Number of protein chains: 2
Amino acid sequence: MISLGRTINPHISVDCVVFGFSTNQLKILLIEREYRDDSGKQARDHKLPGDFITLNEDLDLAAVRTLEELTGLNSIYLHQFAFIGQPERIWKKSDMDWLNTTTGMEIQRVVTAAYFALINITESNSDFAIKNNASWIDIKEVPALAFDHRNIIDRGLAHLQKSLRNEPIGFELLPEKFTIRELQSLYEVILDCNLDNRNFRKKILKSNYLIQLDEKQIGVAHKPAFYYRFDKHIYNKQKKEYLGFNF
Amino acid sequence: MISLGRTINPHISVDCVVFGFSTNQLKILLIEREYRDDSGKQARDHKLPGDFITLNEDLDLAAVRTLEELTGLNSIYLHQFAFIGQPERIWKKSDMDWLNTTTGMEIQRVVTAAYFALINITESNSDFAIKNNASWIDIKEVPALAFDHRNIIDRGLAHLQKSLRNEPIGFELLPEKFTIRELQSLYEVILDCNLDNRNFRKKILKSNYLIQLDEKQIGVAHKPAFYYRFDKHIYNKQKKEYLGFNF
DNA sequence: ATTAGTTAGCGTATCTTATACGTTAACTTT
DNA sequence: AAAGTTAACGTATAAGATACGCTAACTAAT
């Protein structure tokens with residue numbers, strides 16, 4: 001998504017690796033792009049949501065803006081995780097051509113700030129995204145991408161896995177209320193492992209920032225699970241200040 | 001340090017937070033700068049080692065280059081930890097003037113990639129640094145700095161503390177051979193805590209990547225300690241792939 | 001020479017946390 | 001009413017963290 005209406009800084013861009021979780025799959029938000037391949041033929045492929053920053057724009061805010069334009073959401077969990085600037089990162093002529101035509105400027109070299117974002121996919125924000133040529137694609141079925149975006153996704157995923165192990169961010173991918181089992185599945189899918197449900201429950205309930213609601217699942221063909229919500233406030237208060245080391 | 005001899009990209013710079021450890025103090029490498037203050041008077045202050053990147057330069061390599069010019073060292077532990085680009089980060093007129101005069105260009109806005117580096121301070125690289133107007137300053141006695149460099153240092157220090165807890169990087173700040181006590185002191189100073197020496201020793205020797213040498217301290221007024229060295233190879237082989245989570 | 005002062009380096013006892021796995025409870029479908 | 005499924009609690013054992021006692025080996029002071 002390139003901003004034609006505003007003056008851009010053609011040296012610096014933001015790219016967002018946006019994760020979502022639905023039907024027990026980790027998904028990523030990709031944009032379908034129309035471009036001319038090296039032989040000049042019209043073609044289509046996918047790219048990450050991203051944009052050049054405008055002249056006096058804050059980097060973080062540029063990422064927020066990009067995602068808001070795409071999903072309608074403006075309070076998304078969003079963090080910078082890398083800054084990528086190898087001169088040869090845009091090595092395909094067709095990609096460079098695409099930048100030149102969409103911006104109407106002579107693009108030389110683009111350094112990009114990579115952000116990763118966590119979204120709870122809903123019908124509403126999903127519809128919004130589809131209207132902008134964006135769609136949620138299973139992380140295991142990502143097609144060939146423009147630029148070096150495949151590489152950025154891989155680094156974003158590694159970052160997600162590391163963060164998930166060290167901070168309570170899984171909740172950002174779930175709705176307000178969720179079951180322990182849903183949370184566990186999320187961990188299993190993202191970390192690509194199997195966890196013992198009894199131990200998972202024990203460990204995650206021991207810290208008391210998961211609040212049990214008065215509401216159960218209905219219509220499920222088994223003992224219905226209670227819904228929980230995550231209380232960030234309680235977490236922030238009691239997060240342990242571990243001194244020492246772990247390696 | 002600004003490169004007059006080469007064509008620079010005036011939009012993007014690298015800044016390095018370089019840590020060293022000596023006489024039980026965590027130190028940081030700062031450069032003394034001459035500038036004109038807002039009233040036009042000559043003045044001096046300090047800044048981080050850093051530079052604009054050149055036109056076709058890789059960001060990481062720009063950081064390597066900057067440090068090599070400054071210390072003579074070319075294989076330094078060096079990692080990008082942030083990318084900073086608020087439009088108002090260079091808010092002082094004197095700083096902007098300084099950029100314009102040292103580069104001879106009209107600088108608008110600079111986005112900087114922040115790196116953090118770990119160096120074992122030696123007489124040789126210290127002398128080299130002094131010749132380039134650089135000096136090692138105790139992290140607790142950092143004076144007022146140019147630009148937003150104080151902020152970058154704070155973020156770099158937080159990054160150092162986090163990394164030190166999760167990866168064996170403390171060795172990068174010590175000479176090839178060191179005693180367990182020296183290593184412990186390093187942890188205590190950087191993490192700002194007291195550690196039990198018996199437990200520290202037990203924990204760090206359990207993993208067998210610390211190799212005891214055949215050499216003891218000499219001339220110390222107490223039982224002499226054995227020297228050890230860190231074997232990165234052994235560490236890489238056996239670092240645990242922990243699945244699950246920690247928070 | 002002997003003693004005092006200092007840090008190195010090993011060991012043990014206890015508390016906390018992780019892991020493995022057994023069992024009953026509560027719902028739907030057949 | 002029985003079968004199938006997942007929720008939710010509990011227990012036993014292994015592994016790791018923490019607290020702290022003690023002897024060893026050196027120099028400096030007496």
Side-chain angles (χ1 to χ4, degrees), chain A residues 23-24 164-166 168 174 177-189 191 193-230 235 238-247, chain B residues 23-24 164-166 168 174 177-189 191 193-230 235 238-247:
Chain A
T23 60
N24 265 6
L164 190 65
R165 263 187 228 108
N166 296 304
L174 294 174
K177 54 184 189 187
F178 51 84
T179 66
I180 303 290
R181 179 71 233 187
E182 285 166 349
L183 186 62
Q184 186 187 331
S185 297
L186 184 146
Y187 273 81
E188 291 179 333
V189 169
L191 300 181
C193 66
N194 292 310
L195 301 172
D196 181 279
N197 66 29
R198 293 154 293 189
N199 293 333
F200 180 82
R201 164 179 299 274
K202 213 182 301 172
K203 188 166 178 179
I204 210 146
L205 288 179
K206 178 168 42 90
S207 337
N208 53 355
Y209 43 70
L210 278 194
I211 312 292
Q212 193 184 58
L213 304 179
D214 273 338
E215 198 180 343
K216 287 183 192 182
Q217 289 177 312
I218 34 174
V220 289
H222 54 78
K223 177 172 175 177
F226 276 99
Y227 285 109
Y228 285 78
R229 69 177 177 82
F230 171 59
Y235 166 72
Q238 61 172 31
K239 68 180 157 188
K240 50 182 167 188
E241 273 302 319
Y242 176 63
L243 293 177
F245 56 93
N246 271 321
F247 58 82
Chain B
T23 60
N24 266 4
L164 191 65
R165 262 186 229 110
N166 296 304
L174 294 175
K177 54 186 190 185
F178 50 84
T179 67
I180 303 291
R181 180 69 232 188
E182 284 167 348
L183 187 62
Q184 186 187 330
S185 296
L186 184 147
Y187 274 81
E188 290 179 335
V189 168
L191 300 179
C193 67
N194 292 310
L195 301 172
D196 181 277
N197 67 26
R198 293 153 294 191
N199 293 333
F200 180 84
R201 164 179 299 273
K202 213 181 305 173
K203 189 166 178 181
I204 209 146
L205 289 179
K206 180 166 41 87
S207 338
N208 52 355
Y209 44 71
L210 279 193
I211 312 293
Q212 195 185 55
L213 304 179
D214 273 339
E215 198 181 342
K216 288 182 188 182
Q217 289 176 312
I218 35 174
V220 289
H222 55 76
K223 177 172 177 177
F226 275 99
Y227 285 109
Y228 286 78
R229 69 179 178 82
F230 171 59
Y235 167 73
Q238 62 172 32
K239 67 179 158 188
K240 51 183 169 191
E241 272 304 317
Y242 177 62
L243 292 177
F245 56 93
N246 272 320
F247 55 84

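Order of the sequence lines sets the chain letters (A, B, ...), proteins ahead of strands, with each chain counted from 1. What you see is a predicted model, and the numbers here were worked out from it, not measured in a lab.
Nearest nucleotide to the B:A221 side chain, out of D:dT27, C:dT6, C:dA20: D:dT27. Taking the side chain of B:K206 as heavy atoms from C-beta on, and the options D:dC26, D:dA17, C:dC21, the nearest nucleotide is D:dA17. Taking the side chain of B:K202 as heavy atoms from C-beta on, and the options C:dT12, D:dT11, C:dC27, the nearest nucleotide is C:dT12.
Between the base of D:dA19 and the side chain of B:N199 there is a donor-acceptor pair shorter than 3.5 Å. Donor-acceptor pairing under 3.5 Å, judged by distance alone, is absent between the side chain of A:R198 and the base of D:dG10.
Atom-to-atom distance recorded for A:I211:CD1 and A:F226:CZ is 14.5 Å, nearest 0.5 angstrom.
Between A:F178 atom CZ and D:dA7 atom P there is a gap of 14 Å when expressed in whole angstrom units. Rounded to whole Å, the distance from CG on A:N197 to P on C:dC21 is 13 Å. What separates CZ of B:F200 from P of D:dT18 is a distance of 13 Å, to the nearest Å. The nearest whole Å value for the distance from the NE2 atom in A:H222 to the P atom in D:dA8 is 10 Å. Rounded to whole angstrom, the span from the CD atom of A:E182 across to the P atom of D:dA7 amounts to 9 Å. Between the CZ atom of B:F226 and the C1' atom of D:dA24 there is a distance of 12 Å, rounded to whole Å. The CD atom of B:E215 sits 16 Å away from the P atom of C:dA8 (whole-angstrom rounding). For B:I218 and C:dT7, the CD1 to P distance is 19 Å, given to the nearest whole Å.
Side-chain contact between A:Y228 and A:T179 is absent, with no heavy-atom pair separated by less than 4.5 Å.
Both A:D196 and B:P224 lie close to DNA chain C; mapped to their nearest nucleotides by heavy-atom distance, the more 5′-ward contact belongs to B:P224.
A salt bridge between B:E188 and B:R181 is present, with a side-chain N of the basic residue lying under 4.0 Å from a carboxylate O of the acidic one.
Ring-plane geometry between B:Y235 and B:F230 is classed as tilted, the angle between the planes lying from 30 to 60 degrees on a 0 to 90 degree scale.
Regarding contacts with the backbone of C:dG9, every side-chain N or O of B:K223 stays at 4.0 angstrom or more from both OP1 and OP2. Under 4.0 angstrom from either OP1 or OP2 of D:dA8 there lies at least one side-chain N or O belonging to A:R201. For C:dA18, the OP1/OP2 oxygens have a side-chain nitrogen or oxygen of A:K203 closer than 4.0 Å.
Taking every heavy atom of both residues into account, B:Q184 and B:D196 meet most closely at NE2-C, 4.2 Å.
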